[in-house]
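What follows is a set of notes on a single structure, which appears directly below.
Ligands are counted one by one from 1 in listed order, and the atoms in each one are counted from 1 as well.
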Amino acid sequence: MRMLLIHSDYLEYEVKDKALKNPEPISEEQKKGRLEEVLAVFMSVEKADETNPDEVVEKAVVEIKDVASQVKAGRIFVYPFAHLSSELAKPDVALKVLQRIEERLMEEGFEVKRAPFGYYKAFRLSCKGHPLAELSRTIVPSGEAVS
Ligand SMILES: C[C@@H](O)[C@H](N)C(=O)N[C@H]1[C@@H](O)[C@H](n2cnc3c(N)ncnc32)O[C@@H]1CO
């Protein structure tokens, strides 16, 4: 799993078109989204994560919680982003991992939005620009080497 974490004044997206034959079904309301004062987390779920998705979910939640507490962000935007890795997990595994991360972050008390999975999306982001505003993390299941 590769994550790019951007502490932002806001992140907004608009669904444009299908990027997969069978994207995640979404409501009219989910075609646009915006959160203010948010930690945007762009995530590529990777092939290696398929060996232990549950472990990758928990490790991702630990990392996101750690950064959120450092930058004092109470809102998280989970953003599926297939451009941080050249070894992507299958879409069905990736979607489940991202849905579970969303659930776990809500359980941890965050306000969470998740951008729709399997679409081309326009987005606007306002990065705050402080020293911790742009971070990346790589997560691998135990026993896997980082490539
Ligand atoms: C395209 C660009 O504008 C948009 N932002 C986009 O990336 N769309 C991705 C993700 O939503 C999702 N997706 C598929 N596989 C994965 C994966 N392994 N990890 C994360 N997302 C995935 O499926 C889309 C096409 O790859």
*Quick one: closest heavy-atom pair of Ser142 and Lys59, and the distance?*
N-NZ, 3.7 Å
_Shortest non-hydrogen separation from Pro80 to Pro116 and the atoms involved_ = CG-O, 3.9 Å
*asked:* My understanding is that only residues two or more places apart in sequence, or in another chain, count here; which of them pass ring-ring contact (aromatic ring centres under 6.0 Å, His included) with Phe123?
replied: Phe42, Tyr79
_Between the side chains of Lys31 and Glu14, is the shortest nitrogen-to-carboxylate-oxygen separation below 4.0 Å, so that they form an ion pair?_
no
*Using the test side chain to side chain contact (heavy atoms under 4.5 Å, CB included), find all partners of Ser136 that sit at least two apart in sequence or belong to another chain.*
none
*Collect the protein residues that have a non-hydrogen atom under 4.0 Å from ligand 1 and hand them over in chain and number order.*
Ala19, Leu20, Met43, Ser44, Val45, Tyr79, Pro80, Phe81, Ala82, His83, Leu88, Ala89, Ala94, Phe117, Gly118, Tyr119, Tyr120, Lys121
*Only counting residues at least two apart or in another chain, list the ones meeting side-chain hydrogen bond (donor to acceptor under 3.5 Å, both in side chains) with Glu108.*
Lys65, Arg104
